[in-house]
Amino acid sequence: FRLSLDNMVKMARSAGARVIFVSPASNLKDSSPFKSQDTPGISSADIQRTWQLLTMSKPMVWEKQWPVALNFLDQAIKLNPRKAELHFRRGQALFAMGQFDTAKKEFILARDEDVCPLRALTPMGKIVAEVAKKQQVMLVDYEDLLEKRMLEQDNHSILGEEYFLDHVHPTIEGHKLLAMALLKCHSRPICRS
């Protein structure tokens, strides 16, 4: 990934183009993992118990019994810590309880443990920023831009359907905010928006 970004910068510069990188952002809150697998090496008994605890949590979610659902999910995660769906469901319960910082960590874990990663994983955002700095190219921190907007609107920074139509594709408002940031960056010689 890093090598590809470096090559893109070289190719663009060789054609006389200016480069603006955009940090990847994705829907954490309203897009569940595409594929969730059990933690490698755990016993079949732990897999069965995980399934039972997850099943027991579902009616509690429907009834908005968040502390009870959270208890079941906590037990399941202790048995099966790399199962993405458990982290996503735990994030939902914590979000419903207003524990936004902890919920965000769970949603990020769910995305990063997704074995079908159609959203940029945490290291990828860091690599984009590192290459932008090394290559001295402009960078629009789209994730940060949207998170700040969420904080202003909803008192949390967890990205969801407010700015995404699905797992990664922005809404019209999301596109508008990105376009404005790109225009702002384009008019400056150095930009870290």
Side-chain angles (χ1 to χ4, degrees), residues 1-2 4-5 21-42 50 53-54 57-58 60-61 66-67 69-133 139-171 173-174 177-178 181 192-193:
F1 183 62
R2 187 184 303 276
S4 294
L5 292 174
F21 280 172
V22 177
S23 68
S26 61
N27 182 341
L28 294 175
K29 176 174 61 70
D30 301 305
S31 183
S32 63
F34 286 92
K35 188 165 184 190
S36 184
Q37 287 184 340
D38 294 304
T39 304
I42 68 169
T50 299
L53 289 162
L54 180 59
S57 75
K58 289 179 181 178
M60 300 300 105
V61 169
W66 302 114
L70 189 60
N71 179 43
F72 290 138
L73 293 165
D74 286 347
Q75 291 177 58
I77 286 172
K78 283 180 186 170
L79 297 172
N80 204 340
R82 300 217 34 215
K83 190 166 182 74
E85 182 182 2
L86 296 175
H87 290 287
F88 181 74
R89 301 292 172 211
R90 186 168 192 270
Q92 288 179 311
L94 290 162
F95 184 85
M97 295 168 65
Q99 296 180 30
F100 301 130
D101 290 341
T102 310
K104 185 175 183 179
K105 289 175 186 170
E106 290 298 317
F107 286 132
I108 289 169
L109 273 170
R111 179 196 62 204
D112 288 350
E113 291 293 344
D114 190 343
V115 294
C116 184
L118 298 178
R119 297 175 286 181
L121 305 176
T122 298
M124 298 173 101
K126 292 176 182 173
I127 291 169
V128 169
E130 289 168 5
V131 172
K133 184 176 181 178
L139 173 66
V140 171
D141 192 337
Y142 188 46
E143 184 174 51
D144 185 62
L145 175 82
L146 294 179
E147 286 179 350
K148 285 179 180 171
R149 193 58 72 101
M150 287 298 299
L151 275 170
E152 291 170 11
Q153 292 174 178
D154 296 333
N155 296 319
H156 67 79
S157 64
I158 304 170
L159 301 180
E161 64 187 10
E162 297 84 358
Y163 291 109
F164 290 95
L165 297 169
D166 55 18
H167 60 296
V168 293
H169 297 98
T171 61
E173 181 66 17
L177 292 170
L178 178 56
R192 173 132 174 101
S193 180

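Residue numbers count from 1 along this sequence.
Salt bridge status for Lys126 with Glu130: absent, with no side-chain N to carboxylate O gap under 4.0 Å.
Remark: Ala76 engages Thr50, Leu53, Leu86 in a side-chain contact (heavy atoms from CB on, under 4.5 Å) (not counting sequence neighbours). Applying the side-chain contact (heavy atoms from CB on, under 4.5 Å) rule to Gln99 yields the partners Leu94, Met97; only residues at least two apart in sequence or on another chain are considered. Applying the side-chain contact (heavy atoms from CB on, under 4.5 Å) rule to Arg82 yields the partners Thr39, Glu113; only residues at least two apart in sequence or on another chain are considered. Residues that satisfy the side-chain contact (heavy atoms from CB on, under 4.5 Å) test with Ser32, not counting sequence neighbours, are Phe88. In terms of the side-chain hydrogen bond (donor to acceptor under 3.5 Å, both in side chains) criterion, residue partners of Asp74 (sequence neighbours excluded) are, by chain and number, Arg90.
Atom CD of Glu143 is separated from atom OG of Ser26 by 7.0 Å, given to the nearest 0.5 angstrom. Of the inter-residue distances, the one linking Lys104 atom NZ with Ser157 atom OG reads 3.0 Å to the nearest 0.5 angstrom. If you take CG on Leu165 and CG on Asp30, they are separated by 12.0 Å, rounding to the nearest 0.5 Å. One distance of note links OH of Tyr142 with CG of Leu159; it measures 8.5 Å at 0.5 Å rounding.
Arg119 has its side chain within reach of Ser31: a pair of non-hydrogen atoms, C-beta onward, lies under 4.5 Å apart. Counting heavy atoms from C-beta outward, Phe21 and Val131 have side chains that approach closer than 4.5 Å. Annotation: side chain of Gln37 is not in contact with side chain of Lys83 (no heavy-atom distance under 4.5 Å). Using a 4.5 Å cut-off on side-chain heavy atoms (C-beta onward), Glu152 and Glu147 make no contact. At least one side-chain heavy atom of Asp112 sits under 4.5 Å from a side-chain heavy atom of Ile108. You'll find the side chain of Leu145 reaches within 4.5 Å of the side chain of Leu177, heavy atoms only. Contact annotation: the side chain of Leu73 never approaches that of Glu106 to less than 4.5 Å [non-hydrogen atoms, C-beta and beyond]. Looking at Val61 and Gln92, their side chains never come closer than 4.5 Å, going by heavy atoms from C-beta outward.
Annotation for Arg111 and Leu121: closest pair O-CD2, 3.5 Å, computed over non-hydrogen atoms. The heavy-atom pair separating Gly160 from Asn27 by the smallest distance is CA-OD1, 3.3 Å. Shortest non-hydrogen contact noted between Phe34 and His167 is CZ-CG, 3.6 Å. Here the closest non-hydrogen pair linking Ala93 and Leu70 is CB-CD1, 4.3 Å. Here the closest non-hydrogen pair linking Trp66 and Ala96 is CE2-CB, 3.2 Å. Between Phe1 and Ile127 the shortest heavy-atom distance is CD2-CG2, 3.7 Å.
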#### Entry: Stepwise side-chain contact (heavy atoms from CB on, under 4.5 Å) check, Phe107 with His87
CA-CA 6 Å; Phe107 286 132; His87 290 287; over 6 Å; no
### Task
Show your working on side-chain contact (heavy atoms from CB on, under 4.5 Å) between Leu54 and Phe72 and close with a plain yes or no.
CA-CA 7 Å; Leu54 180 59; Phe72 290 138; over 6 Å; no
### Message
Does Asp101 form a salt bridge (Lys or Arg N to Asp or Glu O under 4.0 Å) with Lys105? I'd like the steps, not just the answer.
### Response
CA-CA 7 Å; Asp101 290 341; Lys105 289 175 186 170; over 6 Å; no
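Judged as a salt bridge (Lys or Arg N to Asp or Glu O under 4.0 Å), the pairs with a partner in residues 155-166 (not counting sequence neighbours) are, in order, Lys29-Glu162.
The aromatic rings of His156 and Phe100 are tilted relative to each other, their planes meeting at an angle between 30° and 60°.
Without hydrogens or angle criteria, Ser57 side chain to Ala69 main chain gives no donor-acceptor distance under 3.5 Å.
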